[in-house]
Amino acid sequence: MKNISVAHSPDADDIFMYMAIKFGWVSSDTLSFSNTALDIQTLNDEAICGIYDVSAISFGLYPLIKDDYALLRCAASFGEGYGPKLIKKNGAKLRRNFTVALSGAHTTNAMLFRMAYPEARVKYYNFLDIQRAVLSGEVDAGVLIHEDILSVDSSLCVEREIWDVWCELAGNEMPLPLGGMVLRRSMVLTDAIEAERVLTEAVRVATSHKPFLSHMLLERNLVRVDKEKLKTYLSMYANERSILMDDVAINSLNTLFKIGYDRGFYSKPCLAQENFIPTEYLDFRHA
């Protein structure tokens, strides 16, 4: 049986969407899966180096690795009226060239932030250290991601929602594409299709059994938030749209790629639908 290495972030929605495989609720007759949890910028860096068969990445990175990785339709996270937050100390006024802590050079929020604040001086931190960096005065502001958006220190306040930046750049309100999964193109196609099937089913099963699986994650101390925050966080980032990207999600992803190309972040245009795994191959094969 072939083993597929899967890398995902340690935040609650990624863990939630993978655990149906880990707990044996979803499996394959031909593939086994092993997983590694890494912070998002490390995942992006490892994807650039082609380390894992399947990896979570920031959507902002994808056009830069599309020749080596195909997009998966499942396990994606979108913000819908919410997302990363630009925070500062209470009462602080930010100058045009303020210093800011971001969670990684290739994260989607970093790309959108840099478009909106081209004169800001960027420093990169592990996402867990961003509030501390602002509170200590190492930087003037920071962009919070993952579960930290639910636990903003009382000495801090939100300067701007990245959701608002996104809507302004997109020219419309549409889901904010944050992160998704990619699969190595060198994988045998039938294995790639089977891997996507299993991962999609894992998200579907997890979403269908959200209260029970959430209890298991809390009981095993596999997430960094309490019961109420986990419920809120999963409702935001592990929902029906996470199971399989629909046309609305694909359109918003294409909008992100177009904005990135138009502003010089990518050297070539990129369309999501041209980079999905061709699952229709099985229909032709069995016709």
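A distance of 8.0 Å separates CG in Leu43 from OG in Ser58, rounded to the nearest 0.5 Å. One finds the CG atom of Leu86 at 9.5 Å from the CD atom of Glu161 (value rounded to the nearest 0.5 Å). Atom SG in Cys74 sits 10.0 Å away from atom CD1 in Ile243 (nearest 0.5 Å). Leu222 contributes atom CG, which lies 13.0 Å from atom OH of Tyr18 (distance to the nearest 0.5 angstrom). Rounding to the nearest 0.5 angstrom, the gap separating the CG atom in Leu112 from the CZ atom in Arg263 is 9.5 Å. Interatomic distance, Leu218 CG to Leu213 CG, rounded to the nearest 0.5 Å: 9.5 Å.
Inter-residue side-chain proximity for Thr36 and Glu46 is flagged as unmet; no heavy-atom pair is nearer than 4.5 Å. Ile250 is listed as a side-chain neighbour of Phe276, based on a closest heavy-atom distance under 4.5 Å. Taking 4.5 Å as the limit, some side-chain heavy atom of Cys270 sits within range of a side-chain heavy atom of Tyr62. Side-chain contact between Leu178 and Pro84 is present, with heavy atoms from C-beta onward closer than 4.5 Å. Proximity of Ile48 to Leu61: side-chain heavy atoms (C-beta onward) are separated by under 4.5 Å at one or more points. Within the 4.5 Å cutoff, no side-chain heavy atoms of Thr107 are placed close to those of Leu102. Counting heavy atoms from C-beta on, the side chains of Val165 and Met115 never come closer than 4.5 Å. Side-chain contact between Thr200 and Arg73: absent, with no pair of heavy atoms (C-beta onward) separated by less than 4.5 Å.
A donor-acceptor contact shorter than 3.5 Å is absent between the side chain of Ser27 and the backbone of Gly24. Asn97 places no side-chain N or O within 3.5 Å of a backbone atom of Arg121 that could act as its donor or acceptor partner. The main-chain N or O of Ala105 is found under 3.5 Å from a side-chain atom of Gln41 such that the two form a donor-acceptor pair. Judged by distance alone, with hydrogens and angles left aside, the side-chain atoms of Arg185 form a donor-acceptor pair with the main-chain N or O of Lys66 at under 3.5 Å. For the pair Thr108 (side chain) and Phe59 (backbone), a donor-acceptor distance under 3.5 Å is present. Side chain of Ser242 to main chain of Ala75: no donor-acceptor pair is present (N/O by atom type, distance under 3.5 Å, no hydrogens or angles). Gln131 places a side-chain N or O within 3.5 Å of a backbone atom of Ser151 that can act as its donor or acceptor partner. Glu147 places a side-chain N or O within donor-acceptor distance of the main-chain N or O of Ala12, the cut-off being under 3.5 Å. In this structure a side-chain-to-backbone donor-acceptor pair under 3.5 Å is missing from Ser252 to Met174. A donor-acceptor contact shorter than 3.5 Å links the side chain of Asn239 to the backbone of Ser235.
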Check the pair Leu31 / Val198 against side-chain contact (heavy atoms from CB on, under 4.5 Å), numbers first and verdict last.
CA-CA 9 Å; Leu31 303 176; Val198 172; 5.7 Å; no
Step by step, work out the side-chain hydrogen bond (donor to acceptor under 3.5 Å, both in side chains) result for Ser32 and Asn3.
CA-CA 5 Å; Ser32 62; Asn3 180 261; 3.1 Å; yes
Give the C-alpha distance, both sets of side-chain angles, the deciding distance and a yes or no for side-chain contact (heavy atoms from CB on, under 4.5 Å) between Leu150 and Thr232.
CA-CA 9 Å; Leu150 302 178; Thr232 300; 4.1 Å; yes
In sequence, state the C-alpha distance, the side-chain angles, and the governing distance for Phe98 and Glu159, and then conclude on side-chain contact (heavy atoms from CB on, under 4.5 Å).
CA-CA 12 Å; Phe98 66 93; Glu159 168 74 6; over 6 Å; no
Would you sort out whether Ile21 and Leu199 count as a side-chain contact (heavy atoms from CB on, under 4.5 Å), showing the intermediate values?
CA-CA 8 Å; Ile21 297 174; Leu199 290 162; 3.7 Å; yes
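Under the 4.0 Å criterion applied to side-chain N and carboxylate O atoms, Arg184 and Asp53 are assigned as salt-bridge partners. A salt bridge links Arg241 with Glu80: the closest approach of a Lys/Arg side-chain nitrogen to an acidic carboxylate oxygen falls below 4.0 angstrom. Salt bridge absent: Asp140 and Lys88 never bring a charged side-chain N and a carboxylate O closer than 4.0 Å. By the 4.0 Å N-to-carboxylate-O rule, Arg132 lies close enough to Glu138 to be salt-bridged with it. Using a 4.0 Å cut-off between a side-chain N of Lys or Arg and a carboxylate O of Asp or Glu, Glu194 and Lys2 do not qualify as a salt bridge.
Ile65 and Ala47 make their closest contact through CD1-CB, 4.0 Å (heavy atoms, listed as atom of the first residue, atom of the second, distance). The two residues Leu234 and Ser214 come nearest to each other via the heavy atoms CD1-OG, 3.4 Å. What you find for Val203 and Thr207 is that their closest heavy atoms are O-OG1, 2.7 Å. Closest approach of Ser103 and Ile40 over heavy atoms only: O-CG2, 4.3 Å. Scanning both residues, Gly60 and Leu256, for their nearest heavy atoms gives N-CD2, 4.2 Å. Nearest heavy atoms, Ala202 versus Ala20: O-CB, 3.7 Å.
The only member of Asn254, Asn251, Asp247 that meets side-chain hydrogen bond (donor to acceptor under 3.5 Å, both in side chains) when paired with Gln273 is Asn254. No option in Arg197, Met19, Arg204, Glu201 other than Glu201 meets the side chain to side chain contact (heavy atoms under 4.5 Å, CB included) test with Val26. Under the side chain to side chain contact (heavy atoms under 4.5 Å, CB included) test applied with Leu183, the options Ile277, Leu71, Val6 reduce to a single match, Ile277.
Scanning for ring pair (Phe, Tyr, Trp, His ring centres under 6.0 Å) contacts around Phe127 gives His146, with sequence neighbours left out. Every residue meeting the ring pair (Phe, Tyr, Trp, His ring centres under 6.0 Å) condition with Phe23, not counting sequence neighbours, appears here in chain and number order: Trp25.
The local environment of NZ in Lys258 is sparse, with at most 12 non-hydrogen atoms from other residues, nucleotides or ligands closer than 6.0 Å.
Cluster annotation: Phe78 and Leu72 are assigned to distinct hydrophobic clusters (Ile/Leu/Val/Met/Phe/Trp/Tyr, side-chain heavy-atom contacts under 4.5 Å, transitive). Clustering ILVMFWY residues whenever any of their side-chain heavy atoms sit less than 4.5 angstrom apart, transitively, puts Met17 in the very cluster that holds Leu230. There is a path of hydrophobic side-chain contacts, each under 4.5 Å, that joins Val158 to Val139. Cluster annotation: Tyr124 is connected to Phe265 through the hydrophobic network of ILVMFWY side chains, with a link wherever side-chain heavy atoms come within less than 4.5 Å. Linking Ile, Leu, Val, Met, Phe, Trp and Tyr residues whenever their side-chain heavy atoms come within less than 4.5 Å places Tyr82 and Phe113 in a single cluster.
Checked against a 6.0 Å centroid threshold, the rings of Phe16 and Tyr237 do not count as neighbours.
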